[in-house]
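Here is the structure we will look at, set down as structure tokens.
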Amino acid sequence: MDLIPYDEALDRVIQTVDLLPTERVILWQALGRVLAEDVKSDSDKPSFDNSAMDGYAVRAEDLQDGCVKLKVIGEVSAGSEPNVKVERGTAVKIFTGAPVPEGADTVIPVEFTKQEEDFVYIEKPLKRGANIRLRGEELREGELILKAGTLIRGYELGLLASVNKVMVSVYQKPKVAVLSTGDEVKDLGETVEKPSQIRSSNNHVLYARAVETGCEVVHLGIVKDSVEQIREFLEGVERYDVVLTTGGVSAGEKDYVQKLVEKSGFEVVFHKLRVKPAKPVLFAKKGKTLLFGLPGNPVSCVIAFDLLVKPALMKMQGMEDYKPVYYTARLVRDFSRRDAERREFVRARFWEEEGKLYCDYSPKTQSHMLTSYVGANCYMVVYEGIKELKEGQEVKIIPLG
Ligand code: AMP
Ligand code: MG
């Protein structure tokens, strides 16, 4: 099989993935999820003319240049109904959010006034309409406020609350299972008995990244490089939307995930990528279950998650146009590599200085070095055919997230 360029692999993933069904949840459970319905305003916003400041509600026609003296005939605070009308020569003391009394068309902030007994002196006249929030100026009843496909962050959640949206229709969370494979792999807390054994990080990185991406994730632990164990696993995954495995997908004798995947009823969409690290990535489908067979090398495994699995999980949750975002930054140090055949994603850090973005890369460029993520906040993209990048040259970066 030919190596697949990254952009093509991403397109194939996106084409293969379907949106999950929707469900109705109570507002607070909608946080971090994607709206599956258009939401309209339940009323005019604001729903009545009200004051934007603490001050005095007056008639603009009473205000002339210089100081004006008005009789204070009442007071209205937030939550109370005004029971006086502002006639010529009068003012009503008003507080932020209180309804503007009839007759008034302007609010003078308290800082521009001086009250003496029953009179207020307006020291600075303002234009008609100043400091009044008009009914419907933000939204009209029935106006569309959020479209289906919008990610519900805290801001949107607040907006939904403001239109009394108690139950919200959202896309279901993908059910994801994570499994690591490898005779040498020992899980967190297990005793490492021999020098040839290694501590597993992959299943935990993937668990965490999938949770960060809004999924319901289960740990299925670690299985040996065993035909029976891997086959049993592959044949029983249909209850999950997405299965993430690590290890066993390259060219080794015991790389059973790739050897058994078709025998277990999966259709392979692609196997190897023209990407470094993360060449041996297997993407397959069985019914509605997607399988990403990710490489065992810890960095390759996370890169494959960020660049391919995350876009799939985002689309399933309703974000159809999610793709990694690219910025341009200036490299501060020369970079070189021996082999330019594949597109390389190097862990790097970018920052802003005097309006420009700069980027430096981690010296740990190899695929087994998870420490290359320490202090990193982006990938630096080194395109196919490029062997050297020079200090000062512009490079593309993808922020981590
Ligand atoms: P594989 O993809 O199975 O050929 O493994 C490639 C490399 O990744 C080997 O050095 C493995 O020991 C290592 N590796 C495999 N699984 C894990 C894991 N769960 N956590 C950390 N490293 C792993
Ligand atoms: Mg292995």
Side-chain angles (χ1 to χ4, degrees), residues 1 3-4 9 176-212 215 217-234 237 240 242-264 266 268 270-284 291-309 339 342 344-347 362 364-374 376:
M1 232 187 245
L3 300 186
I4 316 250
V176 176
V178 179
L179 177 93
S180 278
T181 69
D183 286 340
E184 77 283 30
V185 184
K186 288 281 175 184
D187 209 354
L188 191 65
E190 281 183 336
T191 309
V192 171
E193 296 128 355
K194 295 186 258 171
S196 57
Q197 294 176 331
I198 60 147
R199 183 71 66 199
S200 180
S201 56
N202 290 345
N203 51 339
H204 300 284
V205 167
L206 293 177
Y207 178 91
R209 293 292 290 133
V211 169
E212 286 178 320
C215 304
V217 195
V218 287
H219 265 302
L220 297 181
I222 293 170
V223 295
K224 297 267 180 236
D225 290 317
S226 128
V227 173
E228 293 70 37
Q229 286 188 26
I230 291 176
R231 181 169 236 164
E232 191 187 348
F233 164 76
L234 289 172
V237 294
Y240 305 109
V242 177
V243 179
L244 306 177
T245 64
T246 79
V249 282
S250 42
E253 283 269 295
K254 290 188 154 193
D255 284 343
Y256 291 131
V257 175
Q258 65 116 348
K259 291 197 167 105
L260 295 172
V261 75
E262 279 178 326
K263 291 196 182 106
S264 307
F266 279 89
V268 173
F270 59 74
H271 185 187
K272 288 191 173 155
L273 305 179
R274 193 177 293 283
V275 167
K276 186 176 176 223
K279 180 165 96 171
V281 173
L282 177 85
F283 178 49
L291 178 130
F292 287 90
L294 306 179
N297 273 313
V299 173
S300 315
C301 166
V302 196
I303 288 184
F305 180 93
D306 288 352
L307 298 177
L308 291 169
V309 182
D339 179 6
R342 289 182 275 155
E344 187 163 351
F345 295 88
V346 182
R347 279 69 63 216
S362 167
K364 298 181 180 179
T365 54
Q366 294 186 58
S367 64
H368 61 287
M369 297 179 170
L370 205 51
T371 46
S372 59
Y373 280 93
V374 176

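Just follow the structure's listing: the first ligand is 1, and inside any ligand the first atom is 1. Throughout, numbering of the chain's residues begins at 1 and tracks the sequence. Given the structure is predicted, the values throughout are model-derived calculations rather than measurements.
Using 4.0 Å as the threshold, P298 has a heavy atom nearer than that to some atom of ligand 1. Distances shorter than 4.0 angstrom do not occur between any heavy atom of G252 and any atom of ligand 1.
Of all protein heavy atoms, the one lying nearest to atom 10 (O) of ligand 1 is N297 OD1, 4.2 Å. Ranking the protein heavy atoms by distance from atom 20 (N) of ligand 1 puts S201 N, 3.1 Å first. The shortest contact between atom 18 (C) of ligand 1 and any protein heavy atom is with N202 ND2, 3.1 Å. The protein heavy atom nearest to atom 3 (O) of ligand 1 is G248 N, 3.2 Å. At the top of the distance list for atom 4 (O) of ligand 1, counting protein heavy atoms only, stands S250 OG, 3.7 Å. Among all non-hydrogen protein atoms, the one lying nearest atom 12 (O) of ligand 1 is E184 OE2, 2.7 Å.
A parallel orientation is assigned to the rings of Y207 and H219, their planes being inclined by less than 30° (bins at 30° and 60°).
Residue contacts with ligand 1: V249 is placed with no nitrogen or oxygen under 3.5 Å of a nitrogen or oxygen of the ligand (distance criterion only). Annotation: S200 places an N or O atom under 3.5 Å from an N or O atom of ligand 1; distance criterion only.
Neither the backbone nor the side chain of H368 has any atom closer than 4.0 Å to an atom of ligand 1 (non-hydrogen atoms only). Contacts of I198 with ligand 1, taken as heavy-atom pairs under 4.0 Å, involve the side chain alone. Contacts with ligand 1 closer than 4.0 Å are made by side-chain heavy atoms of V185 only, the backbone lying farther away.
Checking side-chain atoms of R199 against main-chain N and O of D187 turns up a donor-acceptor pair under 3.5 Å. With hydrogens and angles disregarded, a donor-acceptor distance shorter than 3.5 Å links the side chain of Q229 to the backbone of K224.
Distances from atom 8 (O) of ligand 1 to the heavy atoms of G296, P280, G293 put G296 nearest.
Under a 4.0 Å criterion applied to the non-hydrogen atoms of S180, ligand 1 contributes the atoms 19 (N). Residue G247 approaches ligand 1 through these ligand atoms, each under 4.0 Å from one of its heavy atoms: 2 (O), 3 (O).
Atom CD of E193 has more than 12 neighbouring heavy atoms from other residues, nucleotides or ligands inside a 6.0 Å radius.
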Checklist entry - Can you list the steps and then say if V249 with L294 is a side-chain contact (heavy atoms from CB on, under 4.5 Å)? => result CA-CA 7 Å; V249 282; L294 306 179; 6.0 Å; no
Item to check | Check against side-chain contact (heavy atoms from CB on, under 4.5 Å), V243 and F233 | outcome: CA-CA 10 Å; V243 179; F233 164 76; 3.2 Å; yes
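Using modelled atom types and a 3.5 Å distance limit, the side chains of S250 and D255 yield a donor-acceptor pair.
Shown here for S180 and N202, the closest heavy-atom pair between the two residues is OG-CB, 3.9 Å.
Atom CD1 of I303 is separated from atom CG of L308 by 11.0 Å, given to the nearest 0.5 angstrom.
With K279 as the fixed residue, the side-chain contact (heavy atoms from CB on, under 4.5 Å) test singles out one of N297, L273, L3: L3.
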